[in-house]
Protein chains: 2
Amino acid sequence: MSNVFKALADPTRRKVLELLRQGPKTAGELAAEFAVSKPTMSAHFAVLREANLVDATRDGKAIIYRIKLSVLEDALLGFAEVFGMKMEGAPVEHPDEED
Amino acid sequence: MSNVFKALADPTRRKVLELLRQGPKTAGELAAEFAVSKPTMSAHFAVLREANLVDATRDGKAIIYRIKLSVLEDALLGFAEVFGMKMEGAPVEHPDEED
DNA sequence: TAGATATTTAGCTAATTATCTAAATGATTG
DNA sequence: CAATCATTTAGATAATTAGCTAAATATCTA
């Protein structure tokens with residue numbers, strides 16, 4: 001759980017998650033959106049993977065990243081609960097997500 | 001906003017916020033709950049202050065910390081919204097909070 | 001199988017962070 | 001007003017992090 005917050009602490013990684021919210025994207029497609037090198041982006045992806053916030057699958061040459069919305073939701077929800085906040089999951093369109 | 005997530009990235013600071021959820025506490029009372037030195041705790045408090053997540057007021061010798069629940073809520077809510085999550089504030093018992 | 005393409009790993013550096021002890025500041029009290 | 005109490009600031013160190021370039025790995029294609 002601490003890993004999730006660590007992952008969210010960096011603006012680049014939050015932006016990656018936002019982009020993935022629109023649908024799965026390859027490492028290259030994601031990297032193209034940022035002004036840092038691909039190895040740097042790869043390291044960010046690794047942090048997101050370790051936090052279990054994204055899922056990576058190879059498709060030919062490319063590696064496709066998908067957000068694991070439910071993990072993000074559970075973390076936020078669990079945290080919010082401690083503070084008496086109520087939270088509901090996205091009502092629709094979870095990009096198909098399985099683990 | 002990034003400051004809020006940075007502040008939440010550390011488990012000690014999240015625990016401090018949880019303790020403050022129960023009501024205002026002095027720096028010393030908070031520090032007593034952790035196994036690190038007071039200067040270390042003081043640095044954690046500074047991070048929380050910079051993130052605007054807590055409010056500090058002096059009362060005699062002691063400094064009293066209060067959580068600013070609305071700031072935490074707004075940050076979580078704003079972030080959750082991007083991901084299509086719906087979130088409501090705590091229905092009751094915000095510890096009296098003014099800025 | 002020899003490129004070409006996509007991504008990650010290795011190895012490095014600079015900046016940031018969490019931690020400590022010792023010293024300084026602010027406020028109360030004898 | 002000197003001692004004491006509560007907290008922060010200063011100054012140091014070790015660990016972590018974000019960034020880079022160069023090299024390695026994995027896959028496809030000509």
Side-chain angles (χ1 to χ4, degrees), chain A residues 1-20 22-68 72 75 79, chain B residues 1-20 22-68 72 75 79:
Chain A
M1 215 272 273
S2 206
N3 278 348
V4 170
F5 281 102
K6 283 278 212 71
L8 296 180
D10 186 277
T12 296
R13 290 192 291 263
R14 287 200 302 276
K15 185 84 182 297
V16 167
L17 291 177
E18 277 187 46
L19 290 169
L20 289 178
Q22 302 162 13
K25 300 210 178 339
T26 68
E29 285 168 344
L30 290 169
E33 302 283 334
F34 298 86
V36 301
S37 72
K38 285 174 184 187
T40 295
M41 289 306 296
S42 189
H44 283 305
F45 300 151
V47 172
L48 290 169
R49 284 196 308 266
E50 273 147 41
N52 201 32
L53 285 169
V54 301
D55 183 62
T57 57
R58 183 174 277 275
D59 176 31
K61 287 182 263 193
I63 293 187
I64 300 178
Y65 281 99
R66 286 179 181 77
I67 191 172
K68 293 171 83 169
L72 180 60
F79 181 72
Chain B
M1 213 273 272
S2 205
N3 278 348
V4 171
F5 281 102
K6 284 280 211 71
L8 297 180
D10 185 276
T12 296
R13 289 191 291 263
R14 288 200 302 277
K15 185 82 182 299
V16 167
L17 291 177
E18 277 187 45
L19 290 170
L20 288 178
Q22 302 163 11
K25 298 212 182 335
T26 68
E29 284 168 346
L30 290 168
E33 302 284 334
F34 299 86
V36 301
S37 73
K38 285 173 183 188
T40 294
M41 289 307 295
S42 189
H44 283 305
F45 299 151
V47 172
L48 290 170
R49 284 196 308 266
E50 273 147 42
N52 201 30
L53 284 169
V54 300
D55 182 63
T57 56
R58 184 175 275 276
D59 176 31
K61 285 182 266 193
I63 292 187
I64 300 178
Y65 282 99
R66 286 179 181 75
I67 190 171
K68 292 170 84 169
L72 181 59
F79 180 72

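Just so you know, these numbers use all the heavy atoms, side chains as well, and skip hydrogens, waters and symmetry mates. Letters go in sequence order (proteins before strands), and every chain restarts at 1.
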Separation of atom CG in B/D59 from atom C1' in C/dG26, rounded to whole Å: 13 Å
A/L30 side chain reached by A/L19 side chain, heavy atoms, under 4.5 Å: yes
Sub-4.5 Å side-chain heavy-atom contact between A/M41 and A/T12: yes
Nearest-Å distance for atom pair CG/P, residues A/L30 and C/dA6: 14 Å
Protein-nucleotide distance (A/D10, atom CG; D/dT17, atom C1'), rounded to Å: 9 Å
Short side-chain N/O contact from B/T40 to OP1 or OP2 of C/dC20, under 4.0 Å: yes
CG-CG distance between B/N3 and B/L8, expressed to the nearest 0.5 angstrom: 10.5 Å
Separation of A/R14 CZ from A/L72 CG (nearest 0.5 Å): 11.5 Å
Euclidean distance, atom CD of residue A/E50 to atom P of C/dT8 [Å, nearest integer]: 12 Å
Between NE2 on residue B/H44 and CZ on residue B/F34, distance to nearest 0.5 Å: 8.5 Å
List every contact pair, protein side and nucleotides 7-13 of chain D side both N or O, where the distance is under 3.5 Å.
| residue | atom | partner | partner atom | Å |
| --- | --- | --- | --- | --- |
| D/dT7 | OP1 | B/A27 | N | 3.2 |
| D/dT7 | OP1 | B/G28 | N | 3.2 |
| D/dT7 | OP1 | B/I63 | N | 3.4 |
| D/dT7 | OP2 | B/G28 | N | 2.7 |
| D/dT8 | OP1 | B/Y65 | OH | 2.6 |
| D/dT8 | OP2 | B/S42 | OG | 2.9 |
| D/dT8 | O5' | B/S42 | OG | 3.2 |

Distance test, side-chain N/O of B/H44 to OP1/OP2 of C/dT19, below 4.0 Å: yes
Nearest-nucleotide 5' precedence on DNA chain D, A/V36 against A/G60: A/V36
Spacing of A/K6 atom NZ relative to C/dA18 atom C1', expressed in whole Å: 11 Å
Flag side-chain contact, heavy atom, 4.5 Å: A/Y65 against A/R49: yes
